[in-house]
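Before any comments, here is the structure.
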2 protein chains.
Amino acid sequence: MTSPSTTAAPGAVDPASPTWTIAEVAEEFGVTHRTVRHYEDLGLISPERRGTTRVYHRRDRTRLGLILRGKRLGFPLEEIRTIIDLYDAPRGRRSQLEYVLAQIDERREDLEQRRRDLEAALSELTEFERRCRSDLERMA
Amino acid sequence: MTSPSTTAAPGAVDPASPTWTIAEVAEEFGVTHRTVRHYEDLGLISPERRGTTRVYHRRDRTRLGLILRGKRLGFPLEEIRTIIDLYDAPRGRRSQLEYVLAQIDERREDLEQRRRDLEAALSELTEFERRCRSDLERMA
DNA sequence: CACGTTCTTGACGTTGACGTCAACGTAAAG
DNA sequence: CTTTACGTTGACGTCAACGTCAAGAACGTG
């Protein structure tokens, strides 16, 4: 159901690496094809074109996974784009590498703020549950 | 600057508990008064009215804090409302308490999924930084 | 080769979360 | 007593993130 397309056709470019159609990746990640196309419009993924048809490689699936995780974490798509582009950014020159390292630091700050918020929310929830359970006990 | 209004006027209802104006709470939480009013429109906060003017109590500030944390965690406002309402929900009857406990469990599931996503993102980022630093070393 | 399935590109609609006026009330200050 | 600062209610605008048609093109199958 989520197995790659049988791309053994004459026009196959690299038979070693599997490819997927838009319907397959959408199905697999639980989104609509419209969503996948929207991410492409925003430049978050750029599948190969065989003629006019989109052909998705492992790289695209990886990026789609990162996008959806970013969404679950509440990041806007524009920000997600800069984040995953970071992973593919050129790091040839020292200046580029240092820029990337600086970006990484910003990202970490943000993620750790979120973690603090998350921990706080979870511990408040746990404390609230404790109170509820003690209430329940007193009622029995 | 964020100190409560001096509500020692003749019309003071309870001089023991401090109150704030909309400008004060907005300032304090770093949002606009429009945002605060929007949250009221959606029923996330319901400040007292003295005449036509809104008067904010500690309870409202607490809720506003929860709202903004929920936003930082990427929850939609409607969902945030059900969450913070949960904390104020009546728990008099056993059935109500059990409902609340069930809701708590759903919440926890959600938050823990987010935590997993967050941990994954952070460890990938750390691994990526390690690779970058090793690249940098080889260039020196 | 007709046919249904899957793909494509627009283009407009919708929902959430506010921003941004306009037009007006009110209360302390000069 | 007018000014000025802050408050109020609409109502419309905007931006992100898609949903939802419409109208074709391409492709395997009977």
Side-chain angles (χ1 to χ4, degrees), chain A residues 1-12 19-56 60 64 67-83, chain B residues 1-12 19-56 60 64 66-84:
Chain A
M1 192 179 259
T2 48
S3 57
S5 301
T6 325
T7 312
T19 63
W20 291 262
T21 71
I22 191 169
E24 286 164 352
V25 295
E27 233 279 40
E28 178 174 359
F29 286 91
V31 297
T32 70
H33 77 284
R34 178 65 180 86
T35 298
V36 177
R37 272 188 44 215
H38 183 57
Y39 295 162
E40 184 178 348
D41 288 345
L42 298 187
L44 283 92
I45 42 184
S46 30
E48 185 199 339
R49 291 298 181 113
R50 218 160 279 180
T52 152
T53 302
R54 278 168 256 250
V55 176
Y56 295 84
D60 302 307
L64 192 46
I67 294 166
L68 296 178
R69 192 181 67 193
K71 283 208 58 188
R72 288 197 299 275
L73 291 174
F75 289 99
L77 292 178
E78 273 303 317
E79 201 169 341
I80 293 177
R81 188 167 58 80
T82 73
I83 299 173
Chain B
M1 192 183 260
T2 48
S3 55
S5 302
T6 323
T7 313
T19 63
W20 292 263
T21 71
I22 192 170
E24 285 163 353
V25 294
E27 231 279 40
E28 178 173 359
F29 285 91
V31 297
T32 68
H33 77 285
R34 178 64 180 86
T35 299
V36 176
R37 272 187 45 213
H38 183 57
Y39 295 160
E40 184 178 350
D41 287 345
L42 297 186
L44 282 93
I45 42 183
S46 29
E48 185 198 341
R49 294 296 182 116
R50 219 158 277 181
T52 153
T53 302
R54 279 169 255 253
V55 176
Y56 295 84
D60 302 305
L64 193 46
L66 289 174
I67 294 166
L68 295 179
R69 193 180 65 194
K71 283 209 56 187
R72 287 195 300 272
L73 290 174
F75 289 98
L77 291 177
E78 271 305 317
E79 201 169 339
I80 292 177
R81 187 167 58 80
T82 74
I83 299 173
I84 63 184

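Every chain is numbered from 1, with letters handed out A, B, ... down the list of sequences.
Remark on DNA chain D: of its neighbouring residues B:A23 and A:Y39, the 5'-side contact belongs to B:A23, judged by nearest-heavy-atom nucleotide.
In this structure, NE2 of A:H33 is placed 9 Å from P of C:dC7, rounded to the nearest angstrom. The nearest whole Å value for the distance from the CD1 atom in B:I67 to the C1' atom in C:dG16 is 15 Å. Between the NE2 atom of A:H38 and the C1' atom of D:dC15 there is a distance of 11 Å, given to the nearest Å. Taking atom CD on A:E27 and atom P on C:dC7, their separation rounds to 11 Å, with Å as the unit.
Between A:R81 and A:E78 there is a salt bridge, with a side-chain nitrogen of the basic residue lying less than 4.0 Å from a carboxylate oxygen of the acidic one.
Of the candidate nucleotides D:dC18, C:dC7, D:dG7, C:dC7 has the atom lying nearest to any side-chain atom of A:I22. Taking only side-chain atoms of A:R49, from C-beta outward, the nucleotide of C:dG19, D:dG19, C:dT8 with the closest atom is C:dT8. The side chain of B:T35 sits closest to C:dG19 out of C:dG19, D:dG7, D:dA17. The B:T52 side chain lies nearest to D:dT8 when the options are C:dT8, C:dG19, D:dT8.
Going from atom OG1 of B:T53 over to atom CD of B:E48 covers 11.0 Å, rounded to the nearest 0.5 Å.
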Please write out the pairs of protein N or O atoms and N or O atoms of nucleotides 10-12 of chain C separated by less than 3.5 Å, giving the distance to one decimal.
none

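Shown are A:D60, A:I80, A:I45; of these, the side chain to side chain contact (heavy atoms under 4.5 Å, CB included) with A:Y39 is made only by A:I45. When each of B:I83, B:V36, B:I67 is tested with B:L44 by the rule side chain to side chain contact (heavy atoms under 4.5 Å, CB included), just one qualifies, namely B:I67.
An OP1 or OP2 oxygen of D:dC6 is reached within less than 4.0 angstrom by no side-chain nitrogen or oxygen of B:T53. Between A:K71 and D:dA17 there is no side-chain N or O to OP1 or OP2 distance below 4.0 Å. Within the 4.0 Å cut-off from OP1 or OP2 of C:dT6, not a single side-chain nitrogen or oxygen of A:T21 is found.
Annotation: side chain of A:H38 is in contact with side chain of A:L77 (closest heavy-atom distance under 4.5 Å).
Annotation: proximity of residues 75-84 of chain B to DNA chain C (heavy atom, distance under 4.0 Å) is found for B:P76, B:L77, numbered in ascending order.
A donor-acceptor pair under 3.5 Å is absent between the side-chain atoms of B:E79 and the main chain of B:P76, judged by distance alone.
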